[in-house]
Protein chains: 2
Amino acid sequence: MEKKFNIIIADDHVMFLDGLHAILSELPEIDTIHLATDGVQVMRLLHQFKDVEMVISDINMPKMDGLTLLSEVKKFNSNIKFFVLSMLEDMRTINKVVQKEADGYLLKFADKEELKAAVKEVLSGEQHYSSTVKERYMKGVFEKKKNPTVELSARETEILKLLAEELTSKEIAEKLFISVNTVETHRKNILLKTGSKTTTGAVKYAIENDILD
Amino acid sequence: MEKKFNIIIADDHVMFLDGLHAILSELPEIDTIHLATDGVQVMRLLHQFKDVEMVISDINMPKMDGLTLLSEVKKFNSNIKFFVLSMLEDMRTINKVVQKEADGYLLKFADKEELKAAVKEVLSGEQHYSSTVKERYMKGVFEKKKNPTVELSARETEILKLLAEELTSKEIAEKLFISVNTVETHRKNILLKTGSKTTTGAVKYAIENDILD
DNA sequence: CAAAGTCTCACTGATATCCGTGATTTTTCA
DNA sequence: TGAAAAATCACGGATATCAGTGAGACTTTG
């Protein structure tokens, strides 16, 4: 007799969750499926049901998002498999998921057969990343060597956020109790690092890279 | 014997589509369910199967998006029910869906029971909009009277796009063969209409409202 | 047709941004 | 603990932005 697994699935779109439930119920290797609509619920379920071996989760969720949840779950018990199921396929997200060592990452564009196969693989101890994700990641690793990884410092990010709220250098200086000159210096560095000519460009960069709230 | 309906469901996330299929299969009033992953496919199916009475569709789809599809379907045969199922709940989208007279609009946050109830309602000839959508729409109608509907003109939009690309007024003037003064006037009007103090704010507005490409 | 809206242009002045360049002091972390 | 990174500050000058005001030409639409 084959071992049967207990899992948790999480997604804030209840409808998607229901659909996922229906699909995964067809898998004979799965026993109990717990449902959650946010990360906090997942953690609660993990504490309650010690026999859960796998979490399948979305990234965009209220209360505790999927990436934070991934860290929390691995901290709680690193043997628990974590499978990410998301619509996000941007470099930033992919990098984070890989770095945090998720056991799998499938985009929601995949069909149910691919999902079932992937889940089975992960349950058996292997990893499963969708081909799109793998390609992007490799491309990212490759391109990172040319692009000296534009990383803004904490202070720069803070100032960029205020700039996005239409504050002037003077206003920012007053708000942060620093000199206008300092703010201007930070601005210059922000433009340099983001490769923009204007504040507008830097803010666009911030939005596209999810730096703002 | 009750009449049974044939429907088409469309969503580019195949996994979601499969889940939806599973859920709707539980409804006794539904006969055949055709699947599609973009608007073009839906139109093809409609031409092929003349007995389809309802289309349930997402908004974000490749090739032909849900809103265009809604118009196309109603043009093809206005008796066909069109039910929108989307994650989008911003004012802009809601307004468009209502204006194009969809028969229903449910957010993906709804659960399967709500979905089944809504689909039944629409099949019986009624409308079904989720309460969130209804509230937002009413709020929009209400607020529109204060805010004289911020609509940018074609020229303003064109200039805003160039501003987002970090062009200066002078550069824009040269590109469009008009005076710098004119560009400046447009900028002022853009700031006025978008309610921003800076170009940065206007560009943020543009991004949030999907005005840019 | 007339009103409304859009697109065009001009001028002034206050203020903000961007560029270049250089320097000191904390903080971080290997 | 010592080098690297980050945060702080300064000054000058060229240029751009924003605000206010006014106005003529063209297009759309009730």
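In what follows, chains carry the letters A, B, and so on, assigned in the order in which the sequence lines appear, proteins first and then strands, with residues in each chain numbered from 1. Atoms considered below: every heavy atom in the structure, side chains included; atoms not considered: hydrogens, waters and symmetry mates.
A heavy atom lying under 4.0 Å from DNA chain D marks the following residues of residues 172-187 of chain B, by number: B:Glu184, B:Arg187.
Between the NZ atom of A:Lys197 and the P atom of D:dA16 there is a distance of 9 Å, rounded to whole Å. Computed from coordinates, the A:Glu156 CD to D:dT8 P distance equals 10 Å when rounded to whole Å. The distance from atom CG of A:Leu160 to atom C1' of D:dA7 is 17 Å, rounded to the nearest whole Å. Across the protein-nucleic acid pair, B:Asn189 atom CG and D:dA19 atom P stand 12 Å apart, rounded to whole Å. Protein atom NZ of B:Lys170 is 14 Å distant from nucleotide atom P of D:dA14, rounded to whole Å. One atom, CD1 of A:Ile159, and another, C1' of D:dA7, lie 9 Å apart when rounded to the nearest Å. For B:Leu167 and D:dT17, the CG to C1' distance is 15 Å, given to the nearest whole Å. Going from atom CG of A:Leu163 over to atom C1' of D:dT17 covers 15 Å, rounded to whole Å.
At least one donor-acceptor pair closer than 3.5 Å links the side chain of A:Tyr129 to the backbone N or O of A:Ala102. Checked by atom type and distance alone, the side chain of A:Glu121 never pairs as donor or acceptor with a backbone atom of A:His128 at under 3.5 Å. No donor-acceptor pair closer than 3.5 Å links the side chain of B:Asp12 to the backbone N or O of B:Met61. Remark: side-chain polar atoms of A:Lys74 are paired, donor with acceptor, to backbone N or O of A:Ile80 under 3.5 angstrom.
More than 12 non-hydrogen atoms from other residues, nucleotides or ligands lie less than 6.0 angstrom from NZ of B:Lys116.
Here B:Glu53 does not pair with B:Lys81 in a salt bridge; the nearest charged N to carboxylate O distance is not below 4.0 Å. With salt bridges taken as basic N to acidic carboxylate O contacts below 4.0 Å, one links A:Lys197 and B:Glu171. Checked for salt-bridge contact, B:Asp58 and B:Lys108 meet the test: a charged N lies under 4.0 Å from a carboxylate O.
In terms of position on DNA chain D, the residue among B:Thr199 and A:Arg155 whose nearest nucleotide sits closer to the 5' end is A:Arg155.
Side-chain contact check for A:Ile33 versus A:Leu20: every heavy-atom pair is 4.5 Å or farther apart.
The aromatic rings of A:Phe16 and B:Phe16 lie parallel to each other, with less than 30° between the two planes, well short of the 60° mark. The aromatic rings of A:Phe49 and A:His34 lie parallel to each other, their planes meeting at an angle below 30°, with 60° marking the opposite boundary.
Across its full length, the helix from C:dC1-D:dG30 to C:dC18-D:dG13 shows an angle of 40° between the axes of its 5 terminal pairs at either end, rounded to 10 degrees.
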Can you name the atoms? Protein N/O to nucleotides 28-30 of chain D N/O, anything below 3.5 Å, with the distance.
none

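Checked against D:dA6, D:dT17, D:dA19, the side chain of A:Ser153 finds its nearest nucleotide in D:dA6.
Running 5' to 3' along DNA chain C, contacts with non-hydrogen atoms of chain B at under 4.0 Å begin and end at C:dT6 to C:dC11.
Partners of A:Lys188 under the side-chain contact (heavy atoms from CB on, under 4.5 Å) rule, at least two apart in sequence or in another chain, do not exist in this structure. Under the salt bridge (Lys or Arg N to Asp or Glu O under 4.0 Å) criterion, B:Glu174 pairs with no residue, sequence neighbours left out.
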Task: Candidate pair B:Lys161 and B:Glu158, rule salt bridge (charged side-chain N to carboxylate O under 4.0 Å, His left out), full reasoning - done: CA-CA 5 Å; B:Lys161 278 185 193 170; B:Glu158 188 178 13; over 6 Å; no
